[in-house]
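Data first, discussion second: the structure below is written as structure tokens.
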Amino acid sequence: MISQLNPRQREAVRYIDGPLLVLAGAGSGKTSVITRKIAYLVETCGYQARHIAAVTFTNKAAREMRERVGTLISGQAARGLTISTFHNLGLNFLRREHKKLGYKAGFSIFDAEDALGLIRDILIAEHGGDSDQASVVQNRISAWKNDMVTAEQAVAGATGPADMLCAQAYVRYQRALRAYNAFDFDDLILLPVQLLQSDPDTLAEWQQRIRYLLVDEYQDTNTTQYALVNLLVGSRQGLTVVGDDDQSIYAWRGARPENLAQLAQDFPHLKVIKLEQNYRSTGRILRAANTVIANNPHVFEKALWSEYGPGEPIRVICCPNEDAECERVVTEILDHRLRRGGQYRDYAILYRGNHQARLLELKLQQFQVPYRLSGGTSFFARNEVKDVMAYLRLLINPDDDSAFLRIINVPRRKIGASTLEGLATYAGERGIGLLAACDELGLQTVLPEAAVGRLREFADWLAQVRRRAQGDDPIDAIRGMLTDIDYEGWLHQNASAPAVAERRFANVLALVEGLQKTLERDDASERDSTGNDNGIEAAIARLVLRDLMERQEEEDDSADKVQLMTLHASKGLEFPHVYIIGLEEDLLPHRNSIDTDNIEEERRLCYVGITRARQTLTLTYCSRRKQYGEMQACEPSRFLAELPEDDLEWEGRTGTDPAASKTRAQETLAGLRNLFD
DNA sequence: CATCGTATAGTTTTT
DNA sequence: CTATACGATG
């Protein structure tokens, strides 16, 4: 098990005498280290699997890790092992401990969209605020939560009137969530941290439970996540974290790469091991990555090397415009694949912004190249999925007013705005949820009889569904519910074409099927001794966290298609042949990042892109590009100048060298020429 | 309530 | 320029 590792990796696996930081460069086999260390802890060190937790950021990473651990140790030995995302860990924590925080069972989890809607409502109620401000406020609140700042602390520390406005919205937002018996994504980390900080008994229980903690992608942790790690580890110091500060590309989302350095201060006996041998890329690709990232300041110096040969030169291609750029990349893939007899899935096209995918798609279709575009509107953002999710949420959490409002008229139940207004006022006065208010006798005094009748009918029906769902076949109850409301019919009624409705209903069925799968899997595996939940609740909560729906993804993953994704989305992946397009000033160092002096993160983004490539790497840029309807001259990215000249093969570079320094007159001329293109 | 038209913005988004 | 979101109007 350990013999296949290099000496550094072996050391990282075997070191268990104290906290360990593994600085793992791109492609250095960090997942191998984590998975083998888990196996080592269980098989050699006598740890029970249920006392070990490994934490990742994505479901995908967690799934992969689980699979790889599964090949190393038996299912029996792995029993009780926790491998999950930070959010899933927080969710499991809250499933056990929510009562200590004053929440009821069956709580809801609001996704970003639900949260935005709630904030919008709050702003409107306060001072008819713009809906545009809502997302700003949402980001501010999220930033506070990621920084471990409570609503009260935010109010106390607000820096100006605008900040104060956000802080007050935060207070109201948090109150609303509590009233709805709901958490948002950030709460899944923040509230466990708050409870662990304030309740020594709970802290002791969890520290007793998790005796060895492993954290992947540590550079992506935010302040709150770091606090969670710190609390769980406690004095036992059973901790291994793996990370790479050069791959920190989520600082804008609250990630604190300095948490890597912070670790050395918080754990004086921290051992640091560097993994610098790369098992992925050719020498030239690696050298390019190293020289680019060398332009960033470093706390920990590291240099990737590999035993592979130099490989092919890195090609840098200048195209006249974005149309030519996309066409060039597509035809080149076509040509290259034919010549080398490879597969489409060996190729990835990476870019900075999603909008760049549009033209690529067009060209790929034109040349009939199969492709897979990751990102875009996610399955869970679809209206039909959100509708059904709202039904499910309301089913297990009657206090979820957000869900209630979403589906009360889907399909039409002739319950209008004024009825809902009356209901909301009534519920607000009594401090109860909207659904609970439907059953109140006093409702008749404030609303017309017909309206009250319709509300009752809905509430009674839902109560009936709930009773059925609590029986032994919840999935059947849910299917029955969808039949009751004739959701398929509603979709057909609202779709522009029958095919659209059919696709939407297929999504709904996939959702229900996914739910069933999770339920069965949770049944089969141990029930985690959580006791008081009836399975369906846990499964629905996990649904909100986008866990499951694996089959669809896998089918897509294995298809032979060219992969299209943003540089961000490419992190953690690798491809034999990588194309990065749009290496231009204002695009790859993005305009906003230049303005806010965030070049270093853009450089890391570039580094991440380069290190995705195994065999060949091609970089493209345009001399002119249409932006906001206007042709504009482009400057090659500064990152191109940072590449090792000897390993490059330029093509189409205009002029001799100072391609960038055009005179104003030349630019004007170029602009004029474009008018005639 | 639905549809049409206009106004407006226009990075990255693991959960 | 183009997608989207919101508002006005029938």
Side-chain angles (χ1 to χ4, degrees), chain A residues 55-64 84-91 109-116 120 124 130-132 134-135 138-139 142-143 145-146 183-190 216-222 224-225 247-255 322 350-359 362 374-378 380-381 409 412 414-417 493-494 496 541-549 553 565-573 582 586-596 598 601-602 604-606 608-609 625-632:
Chain A
V55 184
T56 64
F57 278 82
T58 66
N59 292 313
K60 197 176 169 188
R63 206 181 312 142
E64 192 183 317
S84 75
T85 63
F86 265 103
H87 293 267
N88 232 323
L89 182 70
L91 171 65
I109 296 166
F110 276 30
D111 70 12
E113 207 184 313
D114 301 320
L116 183 65
R120 199 174 275 159
I124 289 168
D130 324 292
S131 53
D132 181 45
S135 66
Q138 183 182 31
N139 285 331
S142 180
K145 289 187 173 188
N146 289 331
F183 301 104
D184 68 13
F185 282 157
D186 299 324
D187 285 343
L188 296 181
I189 317 292
L190 182 59
D216 193 16
E217 304 279 19
Y218 204 71
Q219 75 283 352
D220 288 340
T221 50
N222 60 42
T224 311
Q225 286 160 337
Q247 291 188 70
S248 162
I249 53 175
Y250 285 106
W252 53 275
R253 252 188 127 225
E322 74 274 25
L350 311 180
Y351 38 81
R352 176 68 236 259
N354 278 313
H355 66 275
Q356 289 173 274
R358 196 170 310 160
L359 237 192
L362 213 70
S374 33
T377 27
S378 92
F380 292 92
N409 262 321
R412 294 269 112 82
K414 293 181 183 162
I415 296 167
Q493 202 180 313
N494 283 72
S496 52
R542 303 226 343 235
L543 211 61
V544 183
L545 291 186
R546 283 99 169 103
D547 203 352
L548 66 77
M549 312 307 296
E553 291 272 316
M565 68 192 79
T566 62
L567 287 160
H568 281 92
S570 75
K571 197 176 79 165
L573 305 175
D586 293 0
L587 201 61
L588 189 33
H590 195 273
R591 172 90 250 160
N592 295 355
S593 299
I594 296 172
D595 291 344
T596 56
N598 259 18
E601 182 147 314
E602 296 289 305
R604 291 193 288 266
L605 202 47
C606 188
V608 165
R625 181 181 291 273
K626 204 194 283 182
Q627 261 172 346
Y628 309 136
E630 232 184 334
M631 265 307 190
Q632 287 190 335

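Chain letters run A, B, ... following the sequence lines, proteins first, then strands; residues in each count from 1.
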What is the nucleic acid contact for A:Arg412, judged by heavy atoms within less than 4.0 Å: base, sugar-phosphate only, or nothing? sugar-phosphate
Nearest whole angstrom, please: distance from the C1' of B:dT12 to the NE2 of A:His568. 4 Å
Could you give the distance from CD (A:Gln632) to CG (A:Asp586), rounded to the nearest 0.5 Å? 8.5 Å
Please give, in whole Å, the distance from B:dT12 C1' to A:Leu350 CG? 13 Å
Determine the contact category for A:Tyr250: base if any of its heavy atoms lies under 4.0 Å from a base atom, sugar-phosphate if only primed atoms, P, OP1 or OP2 are that close, otherwise nothing. base
With a 4.0 Å limit, can you tell me whether A:Asn354 has a side-chain N or O closer than that to the phosphate oxygens OP1/OP2 of B:dT13? yes
Rounded to the Å, how far apart are A:Arg604 CZ and B:dT11 C1'? 16 Å
Atom pair distance, as rounded to whole Å: NE2 in A:His355 and C1' in B:dA9: 13 Å
Where does the angle between the aromatic ring planes of A:His568 and A:Trp252 fall among parallel (under 30°), tilted (30 to 60°) and perpendicular (over 60°)? perpendicular
For the NZ atom of A:Lys571 and the CG atom of A:Leu605, what is their distance to the nearest 0.5 Å? 10.5 Å
Would you kindly give the CD-to-P distance between A:Glu322 and C:dC1, to the nearest whole Å? 14 Å
Are A:Arg591 and B:dT12 close enough that a side-chain N or O sits under 4.0 Å from OP1 or OP2? no
Roughly how many Å apart are B:dT14 and C:dA3, using the C1' atom of each and rounding to a whole number? 26 Å
For the CD atom of A:Gln225 and the CG atom of A:Leu190, what is their distance to the nearest 0.5 Å? 11.0 Å
C:dC6, B:dT13, B:dT15: which one has an atom nearest the side-chain heavy atoms of A:Trp252? B:dT13
Regarding B:dT15, can its base be found pairing with the side chain of A:Arg546 as donor and acceptor, where the two atoms are less than 3.5 Å apart? no
Counting any heavy atom closer than 4.0 Å, what does A:Asp111 reach on the DNA or RNA strands: base, sugar-phosphate only, or nothing? nothing
Between C:dA5 and B:dT12 - C1' atom distance, rounded Å: 22 Å
Counting only side-chain N and O atoms of A:Thr566, is one of them less than 4.0 Å from OP1 or OP2 of B:dT13? yes
Report the relative orientation of the aromatic rings in A:Phe185 and A:His87; use parallel for angles under 30°, tilted for 30 to 60°, perpendicular for over 60°. perpendicular
From B:dT11, B:dT14, C:dA3, nucleotide with atom closest to A:Arg358 side chain: C:dA3
When you measure from the side chain of A:Asn592, which nucleotide among B:dG10, B:dT15, B:dT11 comes out closest? B:dT11
Find the distance A:Gln632:CD to B:dG10:C1' and express it as a whole number of Å. 13 Å
For the OG atom of A:Ser142 and the CG atom of A:Leu116, what is their distance to the nearest 0.5 Å? 12.0 Å
A:His590 stacking on B:dT11: centroids under 5.5 Å, ring planes under 30°? yes
In whole angstrom, what separates A:Arg63's CZ from B:dT14's C1'? 12 Å
Nearest whole angstrom, please: distance from the P of B:dT14 to the CG of A:Leu605. 14 Å
Tell me whether the side-chain N or O atoms of A:Arg253 pair up with the base of B:dT15 as donor and acceptor below 3.5 Å, since no angle test is needed here. yes
